[in-house]
Amino acid sequence: MVYEILNQSELSAYYTIDKKAGKRPEIIAGKYDYLDSDKITETLLEFTDDDLQIVNLYIPHIHCSSCIWVLENLSKLNANVMASQVNFPKKTVRITYKKQQFSLKELVVLLSSIGYEPYISLDNSEVKYNHKDHTLLIKLAVAGFAFGNIMFLSFPEYFEVSEHWLNQYKSFFRYIMLVFSVPVILYAAQDYFVSAYKGLKNKILNIDVPIALGMLVLFLRSAYEIITHTGQGFLDSLSGLVFFLLLGKFFQQKTYSFLSFERDYKSYFPIAVTRLIAGKEEGVAIHEIKKGNVLLIRNEELIPVDCLLLKGNANIDYSFVTGESDPVTKKIKDKLFAGGKQTAGVIEVEVLKSMSQSYLTQLWSNDAFQINKQDKLETITNKVSQYFTVVILSITFLTAVYWYFTDVSKIVNAVTAVLIVACPCAFALSAPFTLGNVIRILGKQKMYLKNTGVIESLSKITTVVFDKTGTLTQSQKSEIVYEGKQLSAQQMSYVKSILRGSNHPLSRIIYDTLNVPVFSVTHFEEKVGSGLLGEVRNETVKLGSASFVNTTTVIKNETAVYVQISGLNFGKFVVKNKYRIGIKKVFDSLYRQGCDIVILSGDNEGEKSYLQSITPSNTQLVFKKKPAEKLEFIKALQQKGKKVLMVGDGLNDAGALAQSNVGIAIAENVNVFSPACDAIIDASTFVYLPNLLKITKQSNVIIISSFIFSFLYNIIGLYFAITGNLSPIIAAILMPISSISIVVFVTIATSFLKFSNK
Amino acid sequence: MGVIYILIAVSIFVAVSFFIAFVYAVKTGQFEDSYTPSVRMLFEDEIVIKKTKTNK
């Protein structure tokens with residue numbers, strides 16, 4: 001169908017570009033009916049007037065250059081689309097269309113039919129499109145601009161030979177430099193003053209205190225020298241310093257704009273559902289659902305609020321919320337919790353609680369979601385700088401005392417020189433460049449960290465907690481094992497033939513594993529919640545739960561499909577979670593690194609003995625934990641002084657991920673969804689988790705050694721400063737050399753990390 | 001040597017205009033997506049070729 005649409009519009013070249021472009025369309029009729037409601041579409045649109053509407057849609061399936069091509073040629077597919085522009089890194093497309101003949105719903109359906117189904121969730125409607133914050137880039141530009149121009153203007157004086165023409169223009173040059181430096185100190189450097197002030201207010205001597213002090217002294221002394229015509233000042237060093245510091249900040253600010261680390265339940269929930277009023281269907285925004293409303297939930301739709309089942313076969317998959325992998329069958333008048341996904345046709349439900357009061361959403365009111373982990377973090381730079389600042393201030397004081405007794409006239413000169421030289425520029429650059437580089441290296445290995453603070457937190461981890469379903473096991477493939485009396489090839493065919501008629505997930509899995517021909521089936525019947533029944537070549541075949549085939553040998557905590565042919569019980573297909581390859585290795589090397597391992601599962605204890613066999617002996621195994629209990633469990637560990645790394649996947653781990661010191665989400669496909677966390681790693685790199693911890697520890701070593709490096713520069717500079725001989729040219733040479741050599745050092749050291757961990 | 005004042009003034013004027021151009025570029029979002037335009041440029045050619053082929 002995709003081909004037809006494209007071919008009609010002469011866009012068949014699409015297929016010559018990439019054979020596997022896009023995703024197979026799966027359209028469920030009526031899915032987008034809610035977009036007919038103006039109230040709902042209004043929250044999604046970026047702009048609207050009488051003729052035009054502009055919408056910015058998030059399309060997770062954008063993944064290659066062909067996608068850009070097709071989406072930007074939408075106007076050829078439908079004349080009402082006026083323009084479309086793709087933002088590839090963000091995976092969004094901004095579409096302008098004529099409102100009169102076209103609607104948002106038609107647009108979404110068109111996109112879905114060519115395989116680019118937009119993802120519309122509650123999140124879209126609440127957060128309006130916000131532009132990236134560019135102030136840092138502009139500050140960097142200001143500093144760089146001033147740095148270049150001041151350098152250029154102060155160059156003649158470096159080689160001062162009292163030439164006539166130079167003396168004539170000297171003060172003119174100096175005043176221009178002073179003018180350039182004003183925006184640097186007032187605008188570009190303002191973050192450092194703000195941060196130093198905040199630090200002092202909270203009685204913390206952070207790294208920005210000596211930096212701000214150094215910059216202030218640099219500026220004031222230079223301004224004084226220039227105005228009194230006593231010297232050229234250090235404005236070149238000042239602007240260079242600010243430029244390098246901001247460059248470090250900019251480098252550290254690596255973000256993965258296609259990933260979101262802040263998702264909560266809102267990005268999972270649909271923006272609207274179908275409400276039934278007097279038998280009429282109507283799209284309604286989730287916020288407007290009230291107690292007592294009757295909702296229509298279609299197959300594969302999420303239940304948005306806690307409610308009561310009124311009509312239909314409910315087979316609810318709660319894997320989202322609890323981690324329990326098997327769907328639960330519910331009877332009429334049973335309570336259904338928000339977050340479950342209906343898997344067996346259409347149901348009607350009555351709302352019990354509004355969205356904000358539902359069981360699942362209440363988890364987000366927990367304190368763990370309010371705390372910003374970054375604030376709690378004590379960075380290695382700030383730790384060292386506390387001592388550093390004290391040392392610098394005492395050296396300054398001693399210098400003042402020394403010159404007071406030897407030559408009072410030089411006291412101001414020497415003291416300001418000490419503060420200028422001590423300004424820990426190279427020191428402040430070590431961490432941003434090291435950590436920024438490590439983030440890039442990890443990003444290439446499909447491990448995406450939220451920010452550099454995560455690296456420092458990771459290096460301190462003592463306990464690693466794993467979720468089971470979806471984290472240790474693969475979320476898609478389940479392993480099928482047949483137990484019982486051997487089935488002949490023909491009998492296997494019977495089983496497969498029966499399974500063919502069923503859409504139950506278990507049926508699909510078993511069907512795929514049987515490699516035999518199928519026969520035609522008569523009298524086929526699917527009994528929801530119990531099993532399948534049918535006749536193949538005059539033999540009655542029953543497949544289903546233990547009670548359905550009247551078996552007595554039921555093993556608890558096991559997911560199995562029993563087989564009965566012509567009244568005879570043969571055996572059962574046991575569905576086992578398939579564990580990721582190499583997890584034993586992961587456990588072993590984490591154990592060797594001295595980490596405690598905990599397995600925290602929402603699932604039953606069915607696999608306890610297997611897990612025990614692959615984990616180190618001191619591993620704690622905890623089962624049947626609800627999302628809120630997982631959070632409490634992590635909290636309890638932290639109260640014992642442990643630094644906890646939580647590795648999870650689903651919404652059921654969201655609480656634990658937020659509470660832990662570092663929360664890592666595992667994703668089969670990083671472009672699809674993962675709960676709020678500090679890092680997202682691709683499932684294929686799961687086995688490298690111990691390497692991740694190792695790299696973070698090594699990066700700390702690099703930072704510390706570059707600290708030592710930068711202190712050496714400070715000592716050299718201090719020698720000139722204390723003796724009162726700091727000339728602008730020495731400052732102008734020492735400062736960039738120290739900064740650049742530190743940057744080169746950490747870059748080489750971190751790229752060495754990369755190779756040793758491949 | 002008064003020309004030096006003019007030269008300096010001109011050079012600063014040029015530098016400042018480039019700076020303003022950069023700030024304008026940042027503010028209008030030209031740095032928000034640095035990947036897509038590079039691909040888009042290639043496809044603009046492709047479509048022209050395609051059209052001439054179908055016309056023949």
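Residue numbers begin at 1 in each chain, while the letters A, B, ... track the order of the sequences.
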Would A/Leu153 and B/Ile8 count as a side-chain contact (heavy atoms from CB on, under 4.5 Å) here? Give the steps. CA-CA 9 Å; A/Leu153 287 168; B/Ile8 294 278; 4.0 Å; yes
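- The OH atom of B/Tyr5 lies 9.0 Å from the CD1 atom of A/Ile176; values are rounded to the nearest 0.5 Å.
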Pair A/Gln85, B/Thr36 - check side-chain contact (heavy atoms from CB on, under 4.5 Å), show working. CA-CA 9 Å; A/Gln85 194 174 29; B/Thr36 327; over 6 Å; no
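- Across B/Phe22 and A/Ala141, no two heavy atoms sit closer than the pair CE2-CB, 3.3 Å.
- Within a 6.0 Å sphere centred on CE of A/Met82, heavy atoms belonging to other residues, nucleotides or ligands number 12 at most.
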Yes or no on side-chain contact (heavy atoms from CB on, under 4.5 Å) for A/Phe180 and B/Ile12, after CA distance, side-chain angles and deciding distance? CA-CA 10 Å; A/Phe180 277 136; B/Ile12 288 173; 4.1 Å; yes
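- With a 6.0 Å radius and a threshold of 12 heavy atoms from other residues, nucleotides or ligands, A/Tyr175 has its OH atom above the threshold.
- Residue A/Phe172 places its CZ atom among more than 12 non-hydrogen atoms of other residues, nucleotides or ligands, all under 6.0 Å distant.
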